[in-house]
Amino acid sequence: MTAPAPWTARVLTVFPEMFPGPLGLSLAGKALERGLWALDVLDIRDFARDKHRSVDDTPFGGGAGMVLRPDVVDAAQAEAEARSGSSAPAIYLSPRGRLLDQALVRELAAGPGVVLLCGRYEGVDQRVLEARGVAEVSIGDYVLSGGEPAAQVLIDAAVRLLPGVMGNEASPGEESFERGLLEHPHYTRPAEWQGRAVPEPLLSGHHENIRRWRLEQAEEITRQRRPDLWARYRREQDDG
Ligand code: ADE
């Protein structure tokens, strides 16, 4: 019997050399070596048809930059989907997309994997996104020079949630966003450093006091820094 395929990120890019990049190191890199997830990088240029292997062209209507051709992206997307089976969602990384958050990361990590289309230049011809039902996802309200770092962010966030990846590290239950709160602060030895003491409750060994202190800190920091998260947290508390 063959083992089932692990969670797989298929990446479509004109810069395949950018992968695995940071995903080959640390937690994600070790998990990749252990076969807990798989990375399959497709070079969009391999799907160009003309002798110059061109993947992009000037925008209709004029303007700066170049646009990835729909026929080339479609052929690359077709190959990625054939390798994945049709079940992995196809995502184009773009500042116009739905904002990536921990809820979406959890949803993607729970599935079979992702097919990630990375744009360069001005973007991708809209028709191939529509024809292939590609969703758009943004990692934040700023503009990168290409989708590759955004794809790496999405993959990193998903991979660390896969079974077996976190090992001895803290379970994700208490970290930022999992409860709708930012995380409490952390301290280690020495107990006093440059005249600054570690907060008393953490030295007490009293688990209930420690839990309560951390929750209070998490609530306070969320209230101060992220009024949007705080309002939602309060609503959810009220709703029981
Ligand atoms: N490509 C360029 N900017 C991006 C962003 N903010 N998120 C995702 N993909 C991008």
Side-chain angles (χ1 to χ4, degrees), residues 7-16 18-23 28 37 39-48 55-162 177 228-229 232:
W7 192 89
T8 299
R10 289 214 155 75
V11 180
L12 280 57
T13 172
V14 290
F15 286 108
M18 286 195 184
F19 292 86
L23 298 170
W37 68 287
L39 177 65
D40 184 22
V41 181
L42 290 83
D43 185 347
I44 293 175
R45 205 164 291 282
D46 290 342
F47 300 88
V55 296
D56 57 348
D57 210 328
T58 54
F60 280 120
M66 300 289 272
V67 178
L68 287 174
R69 292 171 54 109
D71 52 348
V72 176
V73 171
D74 184 59
Q77 199 78 42
E79 173 61 21
E81 286 176 20
R83 292 187 197 179
S84 304
S86 55
S87 52
I91 292 171
Y92 169 49
L93 283 311
S94 149
R96 300 195 319 163
R98 164 182 172 187
L99 269 184
L100 183 66
D101 61 13
Q102 194 66 16
L104 180 53
V105 170
R106 270 196 299 267
E107 193 182 311
L108 295 173
V114 285
V115 175
L116 301 177
L117 172 61
C118 301
R120 281 271 147 187
Y121 325 110
E122 276 312 289
V124 175
D125 189 290
Q126 184 66 28
R127 294 167 295 180
V128 69
L129 301 178
E130 290 167 10
R132 290 234 160 237
V134 178
E136 294 185 52
V137 171
S138 168
I139 64 160
D141 291 341
Y142 42 81
V143 181
L144 304 169
S145 53
E148 289 82 1
Q152 291 172 351
V153 164
L154 187 156
I155 294 168
D156 181 282
V159 161
R160 59 191 289 288
L161 299 184
L162 299 176
F177 308 116
D228 57 327
L229 294 180
R232 193 195 312 164

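Quick note: numbers below take in every heavy atom, side chains included, and nothing from hydrogens, waters or symmetry partners. Owing to the predicted nature of the structure, the values given are computational and were not obtained by experimental measurement.
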Point to revise | salt bridge (charged side-chain N to carboxylate O under 4.0 Å, His left out) partners for D74, two or more places apart | key: R132
Please check if the side chain of [X] supplies one atom and the backbone of [Y] the other of a donor-acceptor pair under 3.5 Å.
X	Y	result
E148	F19	no
W7	L108	yes
W37	A28	yes

Revision key, fill the gap. Nearest heavy-atom contact between P59 and G65 is CD-O, 3.2 Å
Review point. Closest heavy-atom contact between I155 and A9?
Key: CD1-CB, 3.7 Å
Practice item. Using the salt bridge (charged side-chain N to carboxylate O under 4.0 Å, His left out) rule, collect all pairs that involve residues 92-102, keeping only residues at least two apart or in two chains. Key: R96-E136
Review point. Would you say D125 and V73 make side-chain contact, with heavy atoms under 4.5 Å?
Key: no
**Study point:** Those residues that, when tested against R45, pass side chain to side chain donor-acceptor pair (under 3.5 Å) (two or more places apart)
**Key:** none
Check your understanding: Which residues satisfy the side chain to side chain donor-acceptor pair (under 3.5 Å) test with R83, sequence neighbours excluded?
Key -> D40, E79
Check your understanding: What residues, two or more places apart in sequence or in another chain, satisfy side chain to side chain contact (heavy atoms under 4.5 Å, CB included) together with Y142?
Key -> I139, L144
Practice item. Might you work through the side-chain contact (heavy atoms from CB on, under 4.5 Å) test for V115 and I91, ending with a clear yes or no? Key: CA-CA 6 Å; V115 175; I91 292 171; over 6 Å; no
Practice item. Could you check L117, V128, L42 and say which one makes a side chain to side chain contact (heavy atoms under 4.5 Å, CB included) with Q77? Key: L117
Point to revise | Selection residues 62-72 - residue pairs positive for side chain to side chain donor-acceptor pair (under 3.5 Å), sequence neighbours left out | key: R69-D71
